[in-house]
Chemist: 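Structure incoming, see below.
All values below were derived from every heavy atom in this structure, side-chain atoms included, with hydrogens, water molecules and symmetry-related copies excluded. In listed order, ligands and their atoms are each counted from 1.
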Amino acid sequence: MSEVVTRATQDQVAIVTVDSPPVNALSAAVRRGILENVNAAVADPAVQAIVLVCAGRTFIAGADITEFGKPPQPPALNDVIAALENSPKPTIAAIHGTALGGGLEVALGCHFRVAVKEAKLGLPEVKLGLLPGAGGTQRLPRAVGPELAVQMIVGGSPIGAAEALKHGLVEEIVENLVAGAVAFAKKVLAEKRPLRRLRDDDSKLVAAKADRSIFTNAVAAMTKKARGLEAPFACADAIGAAIDLPFEEGLKKEREGFMKLVVSDQSKAQRYAFFAEREAAKVDGVPDGTKPRAVSLVAIIGAGTMGGGIAMSFANAGIPVTLIETGEEQLKRGLGIMQKNWEATAARGGLPPDAPAKRMALITGLVGLENVKDADLIIEAVFETMAVKKEVFTAIDAHAKPGAVLASNTSYLSIDEIAATTKRPQDVLGMHFFSPANVMKLCEIVRGAKTAPDALLTAVSIAKKIAKVPVVVGVCDGFVGNRMLAARSKQSEKLLFEGALPQQVDAVVTKFGMPMGPFAMGDLAGLDIGWRSRKDRGIKSEIADALCEAGRFGQKTGKGYYKYEQGSRAPMPDPEVETLINDTLAKLGLKRRDITDEEILERMVYPMINEGARILEEKIAARPSDIDVVWLYGYGWPIYRGGPMHYADSVGLKHIAERLSAYAKATNDPSLEPAPLLARLAAEGKTFASLTQSTKAAA
Ligand code: T1G
């Protein structure tokens, strides 16, 4: 019999327990175990009802994603579900933790579901570029109605037990999981309740069959933000089949949709991103047994845009914050913005009405750096110059308690140089958040030369606690993300000098799937910032300089690379800019040439990949997938392309190396020559992913 699924009978109720850590995923062994034990319980005359429950921290969290792409092993999940649904004895799923994907589909195959109040139920397959492939698109609409089914399947977010009860997805909330489920089973038997096979119950589809707009409106609302993605629309089609077709035909449609997506590049990229995010949190070079330090109070220095956003992230996670500013006025302004942000979210229904007050209560605003004295973690988010950083770190070094972790939110500067101003460089590191810090998920954790392993683990674990995605990076100018962005910005500027227009470059980049192109981004950030720093450093960028000399600083002046209508952030191409570019090039004696979209895309992406290879050579990033996680969660890289390094492997490193060499010669820019690592992998016909595979194989 199965090792991962066991069965015990209690009071005529067979309790089938899945125990396959970490998340009871539906591996072949688990599927076999459930099927064997359900069949045995059905055949056992001493059994009147069957409860399916899981050991460990959660109910089944889905199919085993690591099995995708491999030859399928029996039994098929649909056969396991059919055994539960066709059982002549009541089958009850007892849910705790997260019933997700195939796990919820198994529960939907049961006649009844009960859950503890903390449980979450969802079909997140769309986040893996898939659709629920074991009846979820046919049974969930029958359980909760098409509207909520569309939200849950096309959106991919789970619902809580209370909402599941309200919509009839679960029959009862139980205090104690197993005892509650057994009591529920006894009630079903005592009341001779008819066994509810969702496949036979179209009652919740009637309204949508009569008025399809119930369904199409829900789909329209949920696919508004699905630009470039295939799975959300395939999910909607499958749910549509539940409304239009008999169950078995709908199931067939679902299967066709699933089989198409599971082999798609998009799903491969999204599954890669799932594991990449989890790999990123595993820090190399930390001795086994190293424990993170306890953090119960955080001090944040600076209540500006970044400091305020960071403070909100901690309060959102229930962690108290001391917010420190140089004066009452700055403090008041910072606290005011945080309150307004929370109130706006609550007004949109994104937070319970009392949340803003509760979260504000976790923030203590104080003036004076001495107020860092009780904090376990101190995050500095002040003006981005080394002089100011050193002044602040000298002060917090004097006041902070022993064992506190000192973090800088710098996005460029050397953590080693900052750490050297303190007597405790082992406690210093970078925690680089992205704006808006209360929204963006990425946190680059910058490991200094002297950073202690437990300090590092403290930053990684606290970042996860505040729902950030931590990636550990080394010290260099711009760390991983901004360093690669600089390589792209250099090319976007050169393309203008060679003949492209801002709107052409931005159109190529957004068509590729990025949220915004380099020139619209420049206008958003403000062109005057780069202009002032160029002037400070005595360097020129003739086109950008000419724009600024003409007062075109971007959105803030209503004109930059684009023009903006009053109150609008929509970039509109401006013929004045083309004239300005032509005049500037004429003065420099440069001629414009036609540049293809293909060349623009390659020169926007390949130099970044090349820089990524250098970052790996220098061990600034531990693995290619870490670089991808940085771009996915910090720069809006389209999830269905998996990240720059994964994308490079899908294009082929040989082609990329050849194109880079060609551009290096054509534009007389040696920095475009392929990095040694890229050149080697290309020559050996290998991929970036092979680097991690060989490391894992060696381990
Ligand atoms: N398959 C394989 N491994 C999984 C897994 C899964 N479904 N879910 C998690 N893991 C591994 C994960 O890689 C990590 O491993 C460890 O478990 C802990 O995970 C037919 C097609 C459940 C909410 O999309 O959302 O069903 O890094 O770090 O933060 O229709 O894991 O320790 O080696 O994330 O507590 C649908 C995916 C699948 C849910 C727990 N299901 N999982 O979060 O832990 S497709 C999902 C999660 C499907 C059917 C279809 C989360 C979690 P390692 P963790 P966590």
Side-chain angles (χ1 to χ4, degrees), residues 4 18 20-31 34 54 56-70 72-73 75-82 95-109 118-140 149 152-153 155-160 231 234-235 238-239 251 254-264 267-268 270-283 441 460-461 463-470 623 625-626 629 639 692 696 699:
V4 289
V18 178
S20 178
V23 294
N24 294 312
L26 286 158
S27 61
V30 168
R31 296 193 306 269
I34 296 175
C54 292
R57 62 183 162 147
T58 181
F59 190 78
I60 301 165
D64 186 335
I65 307 169
T66 62
E67 288 188 353
F68 292 146
K70 296 177 185 152
Q73 304 291 320
L77 184 51
N78 276 328
D79 297 341
V80 176
I81 294 172
I95 298 169
H96 77 298
T98 52
L100 298 175
L104 181 55
E105 289 175 302
V106 165
L108 287 165
E118 302 81 13
K120 290 200 175 328
L121 300 85
L123 294 175
E125 284 84 345
V126 71
K127 296 187 176 170
L128 297 169
L130 297 168
L131 56 79
T137 65
Q138 305 307 303
R139 290 192 178 88
L140 187 67
M152 291 177 69
I153 297 175
S157 300
I159 63 172
C235 285
I239 300 166
L251 207 57
E254 174 193 272
R255 193 82 218 149
E256 286 161 12
F258 179 82
M259 293 314 285
K260 198 157 157 254
L261 289 175
V262 77
V263 293
S264 69
S267 181
K268 287 178 190 153
Q270 289 175 260
R271 292 179 337 239
Y272 164 85
F274 175 86
F275 290 112
E277 179 188 336
R278 283 148 185 83
E279 280 303 301
K282 297 170 187 163
V283 186
K441 287 188 65 88
V460 170
S461 74
K464 286 175 81 175
K465 275 207 190 101
I466 61 172
K468 300 299 179 192
V469 176
R623 44 187 92 91
S625 60
D626 286 3
V629 172
I639 184 97
T692 314
K696 277 201 176 152

Chemist: Ignoring angles and geometry beyond distance, decide whether A63 reaches within less than 3.5 Å of ligand 1 through its nitrogen or oxygen atoms.
Modeler: yes

Chemist: Determine whether the side chain, the backbone, both or neither of E279 has a heavy atom under 4.0 Å from any heavy atom of ligand 1.
Modeler: neither

Chemist: Could you measure the distance from the CG atom of L131 to the CD atom of E256? Nearest 0.5 Å is fine.
Modeler: 11.0 Å

Chemist: Of all the atoms in ligand 1, which lie at a distance below 4.0 Å from a heavy atom belonging to G101?
Modeler: 26 (O), 36 (C)

Chemist: Does F258 reach ligand 1 with a nitrogen or oxygen that is under 3.5 Å from one of the ligand's nitrogen or oxygen atoms?
Modeler: no

Chemist: Is there a side-chain contact between N78 and R255 (heavy atoms, below 4.5 Å)?
Modeler: yes

Chemist: Please determine if R271 forms a cation-pi arrangement with F275, meaning its NZ or CZ atom is less than 6.0 Å from the six-membered ring centre and no more than 45° off the ring axis.
Modeler: no

Chemist: Side chains of residues 97-105: which donor-acceptor partners sit under 3.5 Å, not counting sequence neighbours?
Modeler:
{"residue": "T98", "atom": "OG1", "partner": "T58", "partner atom": "OG1", "Å": "2.9"}
{"residue": "E105", "atom": "OE2", "partner": "G133", "partner atom": "N", "Å": "3.4"}
{"residue": "E105", "atom": "OE2", "partner": "A134", "partner atom": "N", "Å": "2.7"}
{"residue": "E105", "atom": "OE2", "partner": "G135", "partner atom": "N", "Å": "3.4"}
{"residue": "E105", "atom": "OE2", "partner": "G136", "partner atom": "N", "Å": "2.8"}

Chemist: Does an N or O from R57, backbone or side chain, lie closer than 3.5 Å to an N or O of ligand 1?
Modeler: yes

Chemist: Could you check whether atom 35 (O) of ligand 1 has a protein contact, counting only heavy atoms that fall below 4.0 angstrom?
Modeler: yes

Chemist: Hey, does I65 come in under 3.5 Å of ligand 1, counting only N/O atoms on both sides?
Modeler: yes

Chemist: Under 3.5 Å between any N/O of G102 and any N/O of ligand 1: does that happen in this structure?
Modeler: yes

Chemist: Looking only at heavy atoms, is any part of F59 under 4.0 Å from ligand 1, and if so is it the side chain, the backbone, or both, or is it neither?
Modeler: neither

Chemist: Examine the side chains of S625 and E279 and answer whether a donor and an acceptor come within less than 3.5 Å of each other.
Modeler: no

Chemist: So, E254 and R139, do they make that salt bridge, N to O below 4.0 Å?
Modeler: no

Chemist: For the 3.5 Å polar cut-off, considering only N or O atoms, please tell me whether A61 and ligand 1 meet it.
Modeler: yes

